[in-house]
Each structure stands twice: as structure tokens, then as C-alpha cells.
Amino acid sequence: MPELPEVETIRRIIEPQLAGQTILHVTINNPQIVAYPEAEAFEKLLTGQMVKGISRRGKFLTVHFESGDRMTLHLRMTGQLLVTPSDYPVEKHTHLVAELSGGRQIRYVDVRRFGRFWYLKACEPDIVTGREQLGLEPLDDALTADYLKIRLGGRRKAIKEMLHDQSIVAGIGNIYSDEVLFAAGIYPGTKCDALSDADWQCLAIKISTIILWGIETNQTTPEEYLAGKGKEYRNTPVLRVYGRAGRPCTTCGQTIEKATIGGRTSCYCPNCQRNPL
DNA sequence: CTAGCTTCCTGATAGC
DNA sequence: TGCTATCAGGAAGCTA
């Protein structure tokens, strides 16, 4: 499941391959991946557009065109945005193919079909669900202990759940919430209203450092990404807690535990992240 | 505002 | 071997 660091990696890989390219023809094999407008209108609008660049906001990618129009997409759990040679083998679950002027193709592959595309004309405001209410980027200087405390301090929900709320901080999912909380030494089930000023301070710092670390360690090459390695997490070997239940903590050696918090599997070190209850 | 549940999907895996 | 059940998860939508 791509989270901010993986989405940013994809952006960096894809952007240089798309910039300056014109979309000659679009085929949508599965209309449900198009959230707005209708799939047929989407195909027509996309055809003939020249790519200017790609930006990222939270886990959303936006392809900007010379016309001022833009196409936003969210990969959700299993989406893959690929730029391939036109004769590259077509994977199962390929839902969109766009022919490019340079002879290559953009392909969208998504096993679970949860990913979504939106096409917005230059004159249209952002209507992408959730996008207009996205919270701060993890690397934004405005993401401070005060910001977190004001937005979350009074909440009785577990901090792990609130880190997934895209309207507070954009881009964190199940992997990085576990990693951030481990780095901050906070038990994932801790209720927000039980966190101290020192905890908020620590969280603000760790959110940015862990996300930055995620981007920097995610050194996937375009070749590896195309070969399908983009769906495995290149940085899995360096994760400290996520997916490591039953194995020793890299800091203290205690066994990493697994618990369901807010309906999500959470991994944590019972020694480094004490449950305050 | 809260907790808790369901929906969307397929593939991997566990149990029989 | 082949069947069924369970689980994984981002985000929205629903109920109470």
C-alpha cells in the first residue's frame, strides 16, 4: 500500500518520462476506476493533452497539462502507475492504457480496483473527494507540536487512528503510523487526550523525520519499479516495527507485538512503547 | 463529536 | 487435491 514516501518515489520516477509527452489515445478497460467525469468523457478529455509535470499532495498524484487541465489519481492499496514500452507484456488487471507521442504507454494496473482517477478542466475547482480537506504535508514547517495538540489534543481516539486522518496530516498510512509511533516511543493505542506536551513535540519531529527517511531509503530505480518491484516495499528491510511482529526490537531486543487498534493491525515494541493504562 | 461497522476487491494463506 | 473461511487494507459512508 503506497503511502507518501512510495507515492513520492513514483512521482520522481514517472515525471521525467511523461514531461513533454502528448497523450494520443486512451483506453479504459474498467470504467469504475474513473471517479469524475464519466469514463467516456474522461477518455476524450485526456486525449490530445500534453504533460507539463506531476505533483504530489498527500497520497494523491496530479498530472498537470499544458492546457491547464489536470488529472488527479489515488493508488489506494494496490494501484500501480507505469510507463512502459508499447510492446511490454500487459499485466492482468490493467484498467487504463494511454498511448504517448514518444511511443511508450502509461498504464494503470490495480488488482483490487480501489484506485481512482479524476479529470478536472482548468476552469474546474478541486472536487476530488478528500483532497480539498487535506491536512498539512508531513514536511511542512507548519506541522508543529502546537498544531497537533490543537487539532488532536482533546480527542479521545487512539493516536494511531488519528495519524491516519488525512485532514490532519496528509500521507500517513498503516506502515508509517507504526514507524512514527515507534520512533516517538508512544504506544499506538494511547488516547490523544492522554498525550503530554513532550509527546506532541516528539511526534511533530518524528512525523517529518520518519517520512523523510522513508523517501530517502526508498531508492527504487525506474527499471525495478517497472519490473513490478514497486509493489513490494523497497524499504521493508529497514522498517523497525511494521510487519515485524514476533521478531526482536532493533533497539531493546524485546519481541515486537501485534494488536488491532482502530480496526488496523499495529505492530509495536511493548518495552519502547509503553501502554500508559 | 464518538465508536463501530460495512463496502469496495482479489490473492494469499490457513484449516479441514 | 480441492474446498471454504479468513485476512489484508485507504477511505468513504452509514448507524446509533
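Sequence lines set the chain letters: A, B, ... in the order given, protein chains first and strands last, and positions in each chain run from 1. Bear in mind that the values here come from a model prediction, so they are computed numbers and not experimental data.
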Q: Using atom CD1 of Ile175(A) as one end and atom P of dG9(C) as the other, report the distance to the nearest whole Å.
A: 9 Å

(Q) Whether Lys92(A) contacts dG11(B) is assessed here as follows: a side-chain N or O lying under 4.0 Å from the phosphate OP1 or OP2. Is that the case? (A) yes

Q: May I ask you to check whether Ser67(A) and Gln49(A) show a side-chain donor-acceptor distance below 3.5 Å?
A: yes

Is there any protein nitrogen or oxygen under 3.5 Å from a nitrogen or oxygen in nucleotides 14-16 of chain C, and what are the pairs?
none

Q. At under 4.0 Å, does any side-chain N or O of His93(A) touch on OP1 or OP2 of dC9(B)?
A. no

Q: To the nearest Å, give me how far apart NZ (Lys258(A)) and C1' (dG9(C)) are.
A: 13 Å

Q: Would you mind reading off the distance between Glu161(A) atom CD and dA3(B) atom P, rounded to a whole angstrom?
A: 7 Å

Q: Starting from P on dA3(B), measure out to CE on Met162(A) and report it in whole angstrom.
A: 9 Å

**Q.** Minimum-distance nucleotide to Arg155(A) side chain [options: dG9(C), dT10(B), dT2(B)]
**A.** dT2(B)

Q.
For a quick check of understanding: with a heavy-atom distance under 4.0 Å over all strands, which category does Thr78(A) fall into, base, sugar-phosphate or nothing?
A. nothing

Q) Is the phosphate of dG10(C), meaning OP1 or OP2, less than 4.0 Å from a side-chain N or O of Tyr176(A)? A) no

**Q.** Pair Glu137(A)-Arg57(A), salt bridge (Lys or Arg N to Asp or Glu O under 4.0 Å): steps then yes or no
**A.** CA-CA 7 Å; Glu137(A) 283 289 313; Arg57(A) 178 84 168 89; 3.1 Å; yes

Q | Atom-to-atom span, CD1 of Ile172(A) to C1' of dA11(C) - whole angstrom | A | 15 Å

Q. Given that Arg76(A) and Arg156(A) both sit by DNA chain B, which one's nearest nucleotide is further toward the 5' end?
A. Arg156(A)

Q: Look at the side-chain N and O atoms of His164(A) and state whether any lies under 4.0 Å from the OP1 or OP2 oxygen of dG10(C).
A: no

(Q) Leu163(A) and side-chain contact (heavy atoms from CB on, under 4.5 Å): which single residue from Ile207(A), Asn174(A), Val169(A) fits? (A) Ile207(A)

Q. Between Arg264(A) and dG10(C), does any side-chain N or O lie under 4.0 Å from OP1 or OP2?
A. yes

Q.
Taking the nucleotide of DNA chain B with the nearest heavy atom to each, does Gly154(A) or Gln32(A) sit closer to the 5' end?
A. Gly154(A)

Q) Tell me: CG of Asp165(A) to P of dA11(C), nearest whole Å? A) 10 Å

Q: Measure the acute angle between the ring planes of His95(A) and Tyr108(A), then classify it against the limits of 30° and 60° as parallel, tilted or perpendicular.
A: tilted

Q: May I ask you to check whether over 12 heavy atoms, not counting those of Gln254(A), lie within 6.0 Å of atom CD?
A: yes

Q | Pi stacking test for Phe114(A) and dA11(C): under 5.5 Å apart, planes under 30° | A | no

Q) Is it the case that Arg240(A) and Thr250(A) place a side-chain donor and acceptor less than 3.5 Å from each other? A) yes

Q: Would you please confirm or rule out a distance under 4.0 Å between OP1 or OP2 of dC7(C) and any side-chain N or O of Thr265(A)?
A: no

Q: Please state how far atom NZ in Lys59(A) lies from atom C1' in dA11(C), giving the value in whole angstrom units.
A: 8 Å

Q) Are Leu100(A) and Phe42(A) connected, step by step, through hydrophobic side chains (Ile, Leu, Val, Met, Phe, Trp, Tyr) whose heavy atoms are closer than 4.5 Å? A) yes

Q: Measure from the side-chain N and O atoms of Glu15(A) to the backbone N and O of Ile54(A), and report whether any donor-acceptor pair falls under 3.5 Å.
A: yes

**Q.** Euclidean distance, atom CZ of residue Arg112(A) to atom C1' of dT7(B) [Å, nearest integer]
**A.** 14 Å

Q: Report yes if at least one side-chain N or O of Gln166(A) is closer than 4.0 Å to OP1 or OP2 of dA11(C); otherwise report no.
A: yes

